Asks: 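The structure under discussion is supplied below as structure tokens; questions concerning it will follow.
These numbers were taken from a predicted model, which means no experiment stands behind them. Order of appearance sets the numbers: ligands from 1, and atoms from 1 within every ligand.
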Amino acid sequence: KKQQQDVFEERYLRFISILGKGNFGSVELCRYDPWGDNTGDLVAVKELQSDKKANMADFQREIQTISSLHCDYIVKYKGICYSAGRLSTKLVMEYLPFGSLIGYMEKHRQNVCTRRLLLFASQICKGMEYLQNMRYVHRDLAARNILVASDTLVKIADFGLTKIIPVDKEYYRVTQPGESPIFWYAPESISELKFSHKSDVWSFGIVLHELFSYCDISRNPKRLSIQKIGSYVQSPSMAIHLLNLLKDNWRLPMPSQCPPKVHSIMMQCWEFNSEDRPSFSSLQDMFENSLLDERE
Ligand SMILES: C[C@H](Nc1nc(-c2c[nH]c3ncc(Cl)cc23)ncc1F)C(=O)NCC(F)(F)F
């Protein structure tokens with residue numbers, strides 16, 4: 001059923017600042033203020049950067065995706081705003097004041113304990129479990145696409161690359177790679193452009209590494225992989241080098257002070273064969289247990 005789309009009138013959408021640039025759109029902080037007295041809500045508004053037709057189809061799919069998701073661990077859809085003359089649609093979402101996980105960690109890493117990292121990990125896992133039950137594959141799960149709602153709540157965002165798994169298949173094969181974040185990609189995604197719930201599990205393992213590295217830029221997956229591959233390698237063959245490393249069982253080095261249980265969970269997410277990786281529901285159980293064990 002077509003969900004009742006909340007329509008936001010552009011004339012009441014007051015621009016405040018640019019929050020950032022996404023896959024093919026930019027997100028602005030606005031206040032929706034119909035009364036004109038600054039009592040309206042702050043909202044995050046995503047609009048298509050360029051007016052390329054191809055992107056418009058992708059953007060419509062992103063709106064379709066996010067408007068169908070209702071989960072505490074996924075950024076909330078609020079509605080759409082038809083821009084002047086219907087030239088382009090804007091996606092209106094809830095505004096999370098604590099910003100992206102990367103920025104939050106840069107600011108607060110001193111007082112984020114292991115227990116809180118495990119809480120964030122289990123919330124991302126719950127969001128991914130919900131996404132899997134809706135037959136969606138995120139395809140861009142990374143700390144840069146996690147938002148912080150409060151000191152004890154994170155949410156998954158940016159559904160620009162999300163695809164629906166067809167009912168008769170276990171995976172989705174994309175046609176063109178685009179500017180792919182290969183350092184978050186499972187081997188089968190690098191070599192065959194195949195994406196599945198199990199390739200999202202691989203990316204979840206990378207997010208775990210980012211979390212337990214406190215999103216330290218000097219230890220981020222891209223930097224650590226390029227250090228291993230050699231920075232002289234140019235991009236198309238970068239993927240081949242990375243794939244061969246993964247075939248030879250190289251994996252990202254464990255973050256310092258990473259609990260052994262979390263180390264083992266990451267390694268399970270990074271099993272070369274997708275069917276050997278855990279599901280998000282079994283990952284959820286592992287977090288329930290390790291949350292109980294973790295003192296602090
Ligand atoms: C392109 C946009 N970039 C940024 N967004 C925000 C942000 C703060 N608060 C927010 N509240 C709702 C939304 Cl949708 C974004 C923000 N902060 C810094 C950014 F660089 C974005 O969407 N990034 C993906 C993700 F949302 F997952 F971080």
Side-chain angles (χ1 to χ4, degrees), residues 5-6 8 13-32 40-50 55 58-81 83 88-109 120-121 123-128 130-131 136-163 178-181 183-184 200 203-204 206-208 210-211 214-215 217 220-222:
Q5 308 242 27
D6 263 359
F8 287 74
L13 217 44
R14 299 268 170 80
F15 171 82
I16 296 176
S17 64
I18 291 254
L19 289 168
K21 302 237 177 298
N23 284 313
F24 45 72
S26 62
V27 177
E28 299 173 347
L29 172 59
C30 297
R31 181 184 298 279
Y32 190 64
D41 292 337
L42 292 177
V43 289
V45 180
K46 186 167 194 173
E47 56 186 336
L48 215 47
Q49 201 112 36
S50 54
N55 279 341
D58 290 341
F59 191 49
Q60 292 299 351
R61 188 179 37 246
E62 178 176 359
I63 293 170
Q64 183 58 40
T65 302
I66 197 168
S67 60
S68 70
L69 301 173
H70 303 91
C71 173
D72 293 340
Y73 308 107
I74 290 180
V75 68
K76 282 193 177 15
Y77 166 83
K78 289 182 82 86
I80 45 178
C81 172
S83 187
S88 80
T89 313
K90 296 179 182 178
L91 166 59
V92 183
M93 297 167 281
E94 65 173 325
Y95 168 65
L96 299 188
F98 286 68
S100 91
L101 182 59
I102 306 244
Y104 179 84
M105 282 297 196
E106 271 159 16
K107 227 166 125 188
H108 302 284
R109 70 171 56 109
F120 287 173
Q123 290 172 344
I124 296 164
C125 192
K126 281 180 185 147
M128 287 308 297
Y130 171 84
L131 219 51
Y136 283 117
V137 176
H138 188 281
R139 295 189 52 237
D140 198 9
L141 186 57
R144 65 179 174 275
N145 286 332
I146 303 295
L147 285 171
V148 183
S150 76
D151 287 323
T152 55
L153 179 62
V154 292
K155 302 192 180 194
I156 301 166
D158 203 330
F159 296 87
L161 299 182
T162 303
K163 304 279 185 189
E179 55 273 6
S180 32
F183 306 103
W184 279 260
D200 273 351
S203 303
F204 176 78
I206 305 287
V207 171
L208 270 186
E210 295 184 274
L211 265 174
Y214 292 88
C215 298
I217 185 89
N220 91 341
K222 176 171 183 174

Asks: Tell me, do L211 and M105 make a side-chain contact under 4.5 Å, heavy atoms counted?
Replies: yes

Asks: When rounded to the nearest 0.5 angstrom, what distance separates NE2 in H70 from OH in Y130?
Replies: 6.5 Å

Asks: Could you list which atoms of ligand 1 come closer than 4.0 Å to a heavy atom of E94?
Replies: 11 (N), 12 (C)

Asks: Indicate, as side chain, backbone, both or neither, the part of K46 found under 4.0 angstrom from ligand 1 when only non-hydrogen atoms are considered.
Replies: neither

Asks: Shortest non-hydrogen contact from H138 to A157?
Replies: NE2-O, 3.1 Å

Asks: Quick check on contacts: which atoms of ligand 1 are under 4.0 angstrom from a heavy atom of A44?
Replies: 12 (C), 13 (C), 14 (Cl)

Asks: Which residue in the set V75, I102, L141 passes side chain to side chain contact (heavy atoms under 4.5 Å, CB included) when paired with I146?
Replies: L141

Asks: What closest approach, in Å, do R109 and C215 show between heavy atoms, and which atom pair accounts for it?
Replies: NH2-O, 3.6 Å

Asks: Quick check: do K90 and F8 have side-chain heavy atoms less than 4.5 Å from each other?
Replies: no

Asks: Relative to the heavy atoms of L96, which atoms of ligand 1 are at a distance of less than 4.0 Å?
Replies: 8 (C), 9 (N), 10 (C), 11 (N), 12 (C)

Asks: Where is the tightest heavy-atom contact between C71 and K76, given as atom of each residue plus distance?
Replies: O-NZ, 4.0 Å

Asks: Please say whether I146 places an N or O atom under 3.5 Å from an N or O atom belonging to ligand 1.
Replies: no

Asks: With atoms numbered from 1 as shown, which atoms in ligand 1 lie under 4.0 angstrom from a non-hydrogen atom of L147?
Replies: 7 (C), 10 (C), 11 (N), 12 (C), 13 (C), 15 (C), 16 (C), 25 (C), 26 (F), 27 (F), 28 (F)

Asks: Short list, please: which atoms of ligand 1 are under 4.0 Å from a heavy atom of M93?
Replies: 14 (Cl)

Asks: Using a 4.0 Å cutoff against the non-hydrogen atoms of N145, which atoms of ligand 1 qualify?
Replies: 24 (C), 27 (F)

Asks: With heavy atoms of V27 as the reference, note each atom of ligand 1 found under 4.0 Å away.
Replies: 1 (C), 2 (C), 22 (O)

Asks: Tell me whether R31 contacts the main-chain N or O of R14 through its side chain, where contact means a donor paired with an acceptor under 3.5 Å.
Replies: no

Asks: Which of these, P97, G103, G20, has its nearest heavy atom closest to atom 3 (N) of ligand 1?
Replies: G20

Asks: Of all the atoms in ligand 1, which lie at a distance below 4.0 Å from a heavy atom belonging to A157?
Replies: 25 (C), 26 (F), 27 (F)

